[in-house]
Amino acid sequence: MVEDWLANAYEGMSRRQFLAKAGATGVSLVGFAIAATPVAGEIINTPVSGIDVKEGTIPSGTFPMPIYEAKPAAVGQYPVVLVIPEIFGMHEHIKDVARRFAKAGFIGITFEPYAREGGVLNLPDIAAVRKVVDPIPDERVTADLDVLMAYAKSHLAGQADRIGVTGFCRGGMYTLLFAARNRDIKAAVAWYGPIKPDMTPGVRTFGPLDVAGQITAPVLGLYGGADLGIPVADVQAMEAKLKDGGKKAEFVIYPGAPHAFYADYRPSYRAEAAKDAWGRCLAWFNVYLKS
């Protein structure tokens, strides 16, 4: 799985070659996870004009969980989208996605799932990141999402009955797991989240396919046909199980697109697929959160 992810994310380059390429183009790593290694010229930066952004913490048990939110600046009530980070945590790309939702008329709220471990922003490579992230139980992450959901419901500018969830990579898996866990979720969009993840006692005992029958929200899945870590057959099985259960589901597979094709700061980015997928994502939330 690690080798597959690296092959997809770095397009066959060694990490040293990739770092050299990034350095030659003068990319700024400020705010990005070092292990993700962004590439200059492809990073999308959504300006804050017309939106309000803020960072802070909310209590998850006794722990102050870091969050980031973006909302339209105009006074009003808006639907909310919870944004679940990739394995790299709440770094600049994920914050930018929250701003993109704000520009589209939603409140985008994200959080740092790995803050208790000190975060993964400054770790040198994916192996170091996985050493921190892999032992964290899914139950802890989804419990943090329960807290984030409660915060969204109480948001003064939010519409408590119009809350959706989206996430990327591991966050895409948590999108599906959380949609199964919390029936107050009104719509879900999963970006290349594993469908049949490896099981580990004390960490993970079920995956999205196992709990598909518990999902009530409409689900949009956005996947790459060339994702080396998520077989197309798994994606098709998830869609079929949801539809067989009478659920609204649409899973789109982009031919030739690798894992993380929406990650505009990595060479896995595919502009055409990313643009189409983002349009579908917004359309999905417009229908199920705004209509």
_The single option from Ile126, Val132, Ile87 passing side chain to side chain contact (heavy atoms under 4.5 Å, CB included) against Val120_ = Val132

*Stepwise, does the side-chain contact (heavy atoms from CB on, under 4.5 Å) test hold for Phe261 with Asp227?*
CA-CA 9 Å; Phe261 64 82; Asp227 191 322; over 6 Å; no

*asked:* Check Glu86 with Arg266, please: is the shortest side-chain N to carboxylate O separation under 4.0 Å?
replied: yes

*asked:* Do Ile185 and Phe178 have side chains that approach each other closer than 4.5 Å (heavy atoms only, starting at C-beta)?
replied: yes

*When you check the gap from the basic side-chain N to the acidic O, do Asp144 and Arg181 get nearer than 4.0 Å?*
no

*asked:* So that I can tick it off, tell me whether Lys243 and Glu250 are bridged by a salt bridge, with the cut-off set at under 4.0 angstrom between side-chain N and carboxylate O.
replied: no

*List the steps and the verdict of side-chain hydrogen bond (donor to acceptor under 3.5 Å, both in side chains) for Ser49 and Lys103.*
CA-CA 9 Å; Ser49 58; Lys103 291 281 189 178; 3.2 Å; yes

*Apart from Tyr269 itself, what residues make up its hydrophobic cluster, given side-chain heavy atom links below 4.5 Å?*
Ile44

*Side-chain contact test, heavy atoms from C-beta onward, threshold under 4.5 Å: evaluate it for Leu82 versus Ile163 and give yes or no.*
yes

*Heavy-atom distance under 4.5 Å between the side chains of Arg204 and Pro137, does that happen here?*
no

_Within the 4.5 Å heavy-atom criterion, are Arg170 and Asp134 side-chain neighbours or not?_
yes

Run the side-chain donor-acceptor check on residues 209-226: report pairs under 3.5 Å with partners two or more places apart or on a different chain.
from: Asp210; atom 1: OD2; to: Gly207; atom 2: N; distance (Å): 2.7
from: Tyr223; atom 1: OH; to: Gly193; atom 2: N; distance (Å): 3.4
from: Tyr223; atom 1: OH; to: Gly193; atom 2: O; distance (Å): 2.8

*Would you indicate whether the side-chain heavy atoms of Arg116 and Arg140 approach each other to under 4.5 Å?*
yes

Kindly list each side-chain donor-acceptor pair under 3.5 angstrom involving residues 62-74, sequence neighbours excluded, with atom names and distances?
from: Tyr68; atom 1: OH; to: Arg99; atom 2: NH1; distance (Å): 2.9
from: Glu69; atom 1: OE1; to: Tyr151; atom 2: OH; distance (Å): 2.4
from: Glu69; atom 1: OE2; to: His155; atom 2: NE2; distance (Å): 2.6
from: Lys71; atom 1: NZ; to: Asp52; atom 2: OD2; distance (Å): 3.4

*asked:* Contact between Tyr78 and Phe106 at the side-chain level, heavy atoms closer than 4.5 Å - yes or no?
replied: no

*Are the side chain of Tyr254 and the backbone N or O of Ala277 linked by a donor-acceptor pair below 3.5 Å?*
yes

*asked:* Quick one, His93 and Phe88 - any side-chain contact, counting heavy atoms below 4.5 Å?
replied: no

*When you check the gap from the basic side-chain N to the acidic O, do Lys153 and Asp184 get nearer than 4.0 Å?*
yes

_Between His91 and Ala33 (side chain of the first, backbone of the second, donor and acceptor by atom type, cut-off under 3.5 Å), is there such a pair?_
yes

